[in-house]
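What follows is a single structure, written as structure tokens, with notes after it.
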Amino acid sequence: MNERPEPRKDPVDAIIDQWAAVRPDLDTAAMEVFGRVFRLARAMGDRMEKAYARFGISRGEFDALATLRRSGEPYTLSPRQLSATLMLTTGGMTGRLDKLERAGLLRRSPDPHDRRGLQVTLTDRGLELIDEAVGAGLAAQTEALSALDAERAAQLAGLLRDLLAGTEKQAQDAPRAPAPRTYPR
């Protein structure tokens with residue numbers, strides 16, 4: 001029989017045990033999942049920052065360059081398209097683009113189809129850098145994922161896809177949130 005060993009306790013288990021001791025009435029199943037998702041996101045965010053730092057870019061800058069790269073030749077998008085893809089305000093995008101342009105990784109030019117618009121294009125240097133950085137990022141992710149065999153990794157990917165789809169649908173269908181509660185001073 002192919003039994004898995006008893007799972008090792010982690011910091012989330014300690015938190016769950018503490019809640020069980022003081023509030024045994026709580027169902028903490030969701031906390032067990034999301035506590036680990038949040039911790040994993042933070043840990044992997046730190047790993048990705050380190051992977052990209054070797055190339056002199058942050059995760060946010062990586063995201064901008066990677067979005068241009070994924071758009072295909074000629075690796076050009078409008079600032080508005082980049083902002084929408086990265087879920088950034090145009091103001092936040094401007095600062096990011098300024099830094100990447102100063103580094104010679106992209107260039108902004110007038111949009112030939114709209115006199116008021118701009119285009120953002122990867123430079124040859126930016127293309128070379130993003131291709132190396134994406135490889136380094138994938139190596140860091142693959143190393144982390146090596147804690148699971150291929151079957152369990154695929155199962156986890158499917159479960160997370162389902163959870164994300166359900167969560168996004170709930171958010172889309174939900175009524176607007178009420179104003180935050182204020183407390184007297």
Side-chain angles (χ1 to χ4, degrees), residues 33-147 153 156-177 179-180:
V33 171
F34 290 103
R36 290 182 177 95
V37 168
F38 297 146
R39 291 177 70 88
L40 181 60
R42 184 174 50 232
M44 286 309 299
D46 292 346
R47 273 198 195 187
M48 301 313 290
E49 280 291 347
K50 287 178 186 166
Y52 302 143
R54 296 185 0 226
F55 302 96
I57 58 174
S58 68
R59 280 175 47 205
E61 293 157 355
F62 170 87
D63 289 343
L65 295 171
T67 300
L68 288 167
R69 177 65 170 105
R70 291 191 318 266
S71 72
E73 288 192 52
Y75 313 117
T76 300
L77 295 170
S78 72
R80 185 176 309 272
Q81 289 170 309
L82 274 170
S83 294
T85 300
L86 300 174
M87 296 181 287
L88 276 177
T89 64
T90 53
M93 180 56 66
T94 298
R96 193 170 289 178
L97 295 179
D98 286 345
K99 182 176 179 196
L100 293 169
E101 189 171 37
R102 281 192 305 272
L105 302 175
L106 58 79
R107 71 176 170 280
R108 287 181 271 202
S109 57
D111 185 335
H113 307 292
D114 179 358
R115 289 187 320 175
R116 299 168 297 158
L118 289 175
Q119 292 181 324
V120 180
T121 305
L122 272 180
T123 62
D124 290 342
R125 183 172 169 214
L127 180 62
E128 183 179 318
L129 183 137
I130 193 59
D131 281 348
E132 289 181 32
V134 75
L138 282 170
Q141 292 169 347
T142 300
E143 179 185 359
L145 201 55
S146 70
L156 177 61
L159 292 169
L160 289 172
R161 181 185 303 108
D162 293 347
L163 181 60
L164 179 59
T167 302
E168 288 176 342
K169 180 163 180 15
Q170 290 168 351
Q172 181 182 11
D173 295 345
R176 287 182 57 104

Least distance between heavy atoms, A133 atom then F55 atom
CA-CE1, 3.7 Å

State, to 0.1 Å, how close P74 and T121 come at their nearest heavy-atom pair, and which atoms those are.
O-CG2, 3.4 Å

What's the spacing between L100 CG and F62 CZ if we round to 0.5 Å?
12.0 Å

Is E49 close to S58 at the side-chain level, that is, under 4.5 Å between some pair of heavy atoms?
yes

At their closest point, which heavy atom of R125 faces which heavy atom of G104, and how far apart are they?
CB-O, 3.8 Å

Just how far is it from atom CG of L106 to atom NZ of K99, taken to the nearest 0.5 Å?
12.0 Å

Is there a side-chain contact between L163 and L159 (heavy atoms, below 4.5 Å)?
no

Residues, nucleotides or ligands: over 12 heavy atoms within 6.0 Å of R36 CZ:
yes

Hey, does the side chain of S146 reach the backbone of E143 with a donor-acceptor pair shorter than 3.5 angstrom?
yes

Do T123 and Y75 touch side chain to side chain, with heavy atoms closer than 4.5 Å?
no

Taking every heavy atom of A136 against every heavy atom of A51, the minimum-distance pair comes out as O-CB, 4.1 Å

Shortest non-hydrogen contact from E61 to G56?
OE1-O, 4.2 Å

Would you say CD of E128 has more than 12 non-hydrogen atoms from neighbouring residues, nucleotides or ligands within 6.0 angstrom?
no

Kindly compute the distance separating CD (Q119) from CD (Q81), expressed to the nearest 0.5 Å.
9.0 Å

How about D162: does its CG atom have over 12 heavy atoms from other parts shown lying under 6.0 Å from it?
yes

What are the two closest non-hydrogen atoms of P79 and V120, and how far apart are they?
CG-CG2, 3.9 Å

When you check the gap from the basic side-chain N to the acidic O, do R70 and D63 get nearer than 4.0 Å?
no

Would you say L97 and L82 make side-chain contact, with heavy atoms under 4.5 Å?
yes

So NE2 of H113 and OG of S78: to nearest 0.5 Å the spacing works out to 12.0 Å

L65 side chain reached by R96 side chain, heavy atoms, under 4.5 Å
no

Output for pair (T85 OG1, L77 CG), nearest 0.5 Å, gives 6.5 Å

R69 (side chain) donor-acceptor with L122 (main chain) under 3.5 angstrom
no

E101 side chain to R108 main-chain N or O, any donor-acceptor pair under 3.5 Å?
yes

I'd like to know whether Q141 forms a side-chain contact (heavy atoms from CB on, under 4.5 Å) with M48, so could you lay out the CA-CA distance, the side-chain angles of the two residues, the decisive distance to 0.1 Å, and finally the verdict.
CA-CA 8 Å; Q141 292 169 347; M48 301 313 290; 3.5 Å; yes

Does a side-chain heavy-atom distance below 4.5 Å link I57 with L105?
yes

Interatomic spacing from CG in L118 to CZ in R80 - rounded to 0.5 Å:
11.0 Å

